[in-house]
Amino acid sequence: MSIYTIERVLWDLQDSNEKSALYRNDPCEILENYSLTPDELSILSKMNIEAMVTLGVDQMLMFMTWQAINGPQGIPEYMQRLNNINNNN
């Protein structure tokens, strides 16, 4: 599994309104354009913040991508997921 690959996908999603819209409609459709391992595909298709933090993915990039996909109304869920990680450690 490559942090670089995950971060590349996150960058593309947050950098392109078209790609983030495609992701919202069908994550697997946009993700099939990348050479992802099954684990990377699983993490990215579910936007598994917990797994990305554990892997060491850049947290600012995760946050920017989360907002691009979910909008500002999704910030509370993002923060809750981060809090769950901290509470479980």
Side-chain angles (χ1 to χ4, degrees):
M1 186 175 322
S2 168
I3 292 173
Y4 172 79
T5 302
I6 292 172
E7 289 182 341
R8 180 69 213 171
V9 173
L10 293 177
W11 178 265
D12 288 349
L13 292 174
Q14 66 83 34
D15 192 48
S16 166
N17 290 335
E18 180 182 351
K19 288 181 181 179
S20 59
L22 286 171
Y23 182 93
R24 276 190 299 277
N25 292 331
D26 184 2
C28 291
E29 181 180 346
I30 188 73
L31 295 175
E32 71 186 12
N33 295 314
Y34 297 89
S35 297
L36 301 170
T37 67
D39 287 339
E40 291 166 345
L41 180 60
S42 176
I43 288 168
L44 288 164
S45 66
K46 298 173 186 171
M47 202 51 66
N48 187 335
I49 299 301
E50 298 86 345
M52 287 188 252
V53 168
T54 301
L55 291 170
V57 173
D58 183 272
Q59 290 191 26
M60 181 56 87
L61 183 56
M62 289 188 308
F63 181 68
M64 291 168 45
T65 305
W66 183 271
Q67 284 193 84
I69 293 168
N70 298 292
Q73 66 276 10
I75 293 173
E77 180 183 350
Y78 180 86
M79 298 307 292
Q80 182 62 48
R81 289 183 180 204
L82 287 180
N83 286 335
N84 288 342
I85 295 168
N86 292 332
N87 292 335
N88 290 331
N89 288 332

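Note that this is a predicted model, so its numbers are computed, not measured.
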Worksheet item: Which residue, Met60, Gln14, Met52, forms the side chain to side chain contact (heavy atoms under 4.5 Å, CB included) with Thr65?
Response: Gln14
Worksheet, complete the sentence: Sorted by chain and residue number, the side chain to side chain donor-acceptor pair (under 3.5 Å) partners of Asp12 (sequence neighbours excluded) come out as Arg8, Tyr34
Side-chain touch [X]/[Y], heavy atoms, less than 4.5 angstrom:
| X | Y | value |
| --- | --- | --- |
| Ile49 | Trp66 | yes |
| Met62 | Tyr78 | yes |
| Leu31 | Glu40 | no |
| Met47 | Leu13 | yes |
| Ser20 | Arg24 | yes |

Roughly how far apart are [X] [atom1] and [Y] [atom2], rounded to 0.5 Å?
| X | Y | atom1 | atom2 | value |
| --- | --- | --- | --- | --- |
| Leu61 | Ile6 | CG | CD1 | 11.0 Å |
| Gln80 | Ile85 | CD | CD1 | 10.5 Å |
| Asp39 | Ser2 | CG | OG | 12.5 Å |
| Ile30 | Ser45 | CD1 | OG | 13.5 Å |

Practice prompt. Would you please name every residue forming a side chain to side chain contact (heavy atoms under 4.5 Å, CB included) with Asp15, sequence neighbours left out?
Written response: Trp11
Worksheet item: Take atom CD in Glu18; do more than 12 heavy atoms of anything else shown fall under 6.0 Å from it?
Response: no
Discussion item. Are more than 12 heavy atoms, taken from residues, nucleotides or ligands other than Asn17, located less than 6.0 Å from that residue's CG atom?
Written reply: no
Discussion item. Applying salt bridge (charged side-chain N to carboxylate O under 4.0 Å, His left out) as the test, list every pair that has at least one member in residues 59-80; sequence neighbours left out.
Written reply: Glu77-Arg81
Item to complete: For the pair Glu7 (side chain) and Asp58 (backbone), establish whether a donor and an acceptor sit closer than 3.5 Å, ignoring hydrogens and angles.
Response: yes
